[in-house]
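Because the structure is predicted, anything quoted here is derived from the model rather than measured.
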Amino acid sequence: MKFVNVFQSISKIYLLVLITVVVKIILLPYSQTINADAVSRIFASQKWMENPEWTTSSVWAPFHFYIHGAGLMLWNNTIYTPKLVTIIFSTATLLPFYFLTKREFNQSGAFIASILLAICPILFHNSFLALSETPYLFFLALSLNLLSKGLRENSIPYLLTAGLVISIASGIRYEAWVITAILSFILLLTKNWKHIFFFNFTAALFPIYWLLSNYLETGDPLFSIQGSHHWSHKIMGINENLNFEDHLRRVWFFPFSWIIAIGIPTGYIILKSIFSSYSKKNRDLKLILLSIPFFIMFVFYQYNTFKGSLLLQHRYIGTLVILSLPFIAIYFRELTTTKIKLAFLFGALTIGLSFVYNTAHVKPLPRLGEQSSMKIIDKINQHKEGKSSLIIDFIGWDKSYFIALRSQVYRKDLLIIEGAKYSKIPKEMAIEKLINYTNGIILIKKKSELQKLLNLDQFNVTIEKIYENNEVQVLKWKNN
């Protein structure tokens with residue numbers, strides 16, 4: 001009986017957080033790290049763990065590596081630790097999101113919005129991957145909540161803290177820089193100069209440091225942005241040979257991604273609620289101000305997608321979800337029996353359709369479409385001897401990097417062939433692995449450039465075929 005009383009006394013939002021954590025922990029063993037960026041970030045975090053230092057220049061913002069590097073210091077397990085860290089951030093995001101929505105809209109609607117955020121298929125998917133989007137969204141939601149409270153209470157400490165938190169977000173993902181500018185613009189519209197000054201005083205800390213340190217290190221304050229541009233345009237050739245269908249896909253990709261993330265009926269109600277506040281009959285200046293960040297970020301996404309600066313990946317949609325989903329609280333202000341049933345229907349429809357859409361990385365649980373890679377991993381792990389090298393030919397971004405991570409070969413002993421349009425085969429690095437290691441394993445895609453370039457017969461090695469299928473062969477070699 002006492003347990004029942006304690007259970008009933010727990011606030012619904014904390015109960016939602018607890019249930020979400022439990023569900024994700026249960027599903028964790030069945031998830032697979034199938035995103036190449038996630039694997040690359042794990043390797044980078046592992047490198048930082050072994051030699052912690054303050055980063056002064058990089059293409060990727062550095063705080064994400066500090067977060068996962070610190071996690072690996074506590075438990076050096078590259079399979080489970082990054083997932084646990086990301087799960088913690090994903091579920092913790094529900095709290096600032098709920099309190100923000102409750103303050104700006106209403107309590108009942110805030111709880112429904114939080115449930116929809118918890119089951120959002122794309123964000124649920126991301127919570128099992130060591131991507132920077134998840135911790136960034138936590139700090140974004142936290143900053144928005146602190147800023148909301150600071151504005152309501154005219155509190156300088158809250159404004160300073162909100163700025164500091166968005167500055168941390170800026171050290172994780174560069175979208176936070178744009179959000180900072182948008183929030184500053186919103187504050188400018190209110191003409192409260194004190195609010196503008198104190199928020200930006202701390203919000204600008206990381207961007208200023210990063211621009212300055214990149215300039216001192218490389219001579220280019222925008223080195224990070226230029227590096228990202230070089231990869232997408234010069235290495236991937238993202239803007240080459242585009243046809244009408246390619247341009248059209250860029251136009252609809254993120255609107256479609258937003259619909260996948262929050263669901264068709266939820267998206268419709270949100271847009272209807274927002275546009276209703278713009279009409280003469282129901283004009284609401286507060287709702288108009290709250291909607292501006294969503295619309296500006298949407299235009300920012302569309303512009304950068306169309307010019308090729310933003311890759312077509314669903315994982316980026318989180319910012320638009322956080323900025324728009326609170327508006328569903330307007331519809332669920334009063335929780336009648338009918339609306340509770342509708343909320344359940346909206347959630348079930350959103351999850352169910354994520355299994356139907358013919359697009360990658362939107363199902364709640366990240367897993368490879370087919371599991372032949374697990375056989376390859378088993379063979380690699382069975383035949384590793386001591387300090388083995390591992391060379392992995394490109395067989396797809398998801399597969400290649402998944403095999404690399406699950407093989408548990410240390411990064412410096414590993415060579416992954418990349419599959420970008422203008423990526424070069426590092427033949428010299430492959431030869432170095434064959435010469436300087438006593439044994440190793442090579443995964444070669446049949447009829448690939450690596451197979452053509454790398455003639456194993458010229459090396460004094462013994463070769464044993466340990467696995468083969470229609471796509472690849474896996475060879476074990478030993479120096480004679």
Side-chain angles (χ1 to χ4, degrees), residues 10-21 24 63-64 67 85-120 122-124 126-127 131-153 155-173 175-180 182-183 186-187 195 198-199 202-203 206 261-262 270 286 289-291 293-294 297 317-330 332:
I10 300 175
S11 173
K12 287 188 293 185
I13 183 59
Y14 294 107
L15 193 58
L16 175 63
V17 170
L18 179 61
I19 291 171
T20 306
V21 169
K24 290 185 177 184
F63 288 178
H64 187 239
I67 292 170
V85 170
T86 311
I87 285 172
I88 290 170
F89 275 103
S90 70
T91 50
T93 303
L94 297 173
L95 293 173
F97 177 83
Y98 168 78
F99 290 115
L100 168 68
T101 309
K102 176 184 174 182
R103 185 181 306 107
E104 297 298 338
F105 294 92
N106 59 78
Q107 184 173 357
S108 297
F111 184 65
I112 297 299
S114 299
I115 292 175
L116 294 174
L117 182 67
I119 63 173
C120 169
I122 295 174
L123 301 191
F124 200 96
N126 289 350
S127 69
L131 296 167
S132 58
E133 282 79 10
T134 300
Y136 150 73
L137 290 177
F138 166 75
F139 287 107
L140 172 61
L142 182 59
S143 177
L144 292 173
N145 181 46
L146 291 168
L147 180 59
S148 165
K149 192 171 180 63
L151 294 175
R152 287 291 184 96
E153 300 180 6
S155 170
I156 292 175
Y158 274 112
L159 293 170
L160 289 171
T161 309
L164 182 62
V165 171
I166 199 69
S167 190
I168 295 172
S170 296
I172 300 175
R173 289 200 62 82
E175 289 101 309
W177 296 36
V178 182
I179 291 290
T180 302
I182 294 171
L183 294 177
I186 300 299
L187 293 176
H195 293 166
F198 285 110
F199 173 72
T202 48
F206 178 80
I262 65 174
I270 286 173
K286 174 193 167 184
L289 283 175
L290 290 174
S291 69
F294 168 68
M297 280 303 292
I317 202 62
T319 301
L320 294 182
V321 172
I322 293 292
L323 295 177
S324 62
L325 195 51
F327 287 90
I328 197 66
I330 298 172
F332 288 105

Side-chain heavy-atom pair [X], [Y] within 4.5 angstrom cut-off:
{"X": "L95", "Y": "Y14", "answer": "yes"}
{"X": "S170", "Y": "W177", "answer": "yes"}
{"X": "T161", "Y": "T202", "answer": "no"}
{"X": "T319", "Y": "Y136", "answer": "yes"}
{"X": "I122", "Y": "V321", "answer": "no"}

Between [X] (side chain only) and [Y] (backbone N and O only), is there a donor and an acceptor less than 3.5 Å apart?
{"X": "S127", "Y": "F124", "value": "yes"}
{"X": "S167", "Y": "F206", "value": "yes"}
{"X": "R173", "Y": "S132", "value": "no"}

Whether the K24 and T91 side chains hold a donor-acceptor pair (N or O, under 3.5 Å, no angle test) is what I'd like checked.
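Per modelled atom types, K24 and T91 side chains form no pair under 3.5 Å.
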May I have the step-by-step check of side-chain contact (heavy atoms from CB on, under 4.5 Å) for L131 and T86, ending in yes or no?
CA-CA 8 Å; L131 296 167; T86 311; over 6 Å; no
Quick check: closest heavy atoms across F139 and A169, and the distance to 0.1 Å?
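Reported closest heavy-atom pair: CB-CB, 3.8 Å.
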State which residue, out of L164, L151, L187, fulfils the side chain to side chain contact (heavy atoms under 4.5 Å, CB included) condition with F199.
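Of the listed residues L164, L151, L187, the side chain to side chain contact (heavy atoms under 4.5 Å, CB included) partner of F199 is L187.
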So, F105 versus F327, ring centres under 6.0 angstrom or not?
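Yes, they do, as the ring centres are separated by less than 6.0 Å.
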May I ask you to decide if the ring planes of F138 and F89 are parallel, tilted or perpendicular, using 30° and 60° as cut-offs?
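Rings of F138 and F89: perpendicular, as their planes differ by over 60°.
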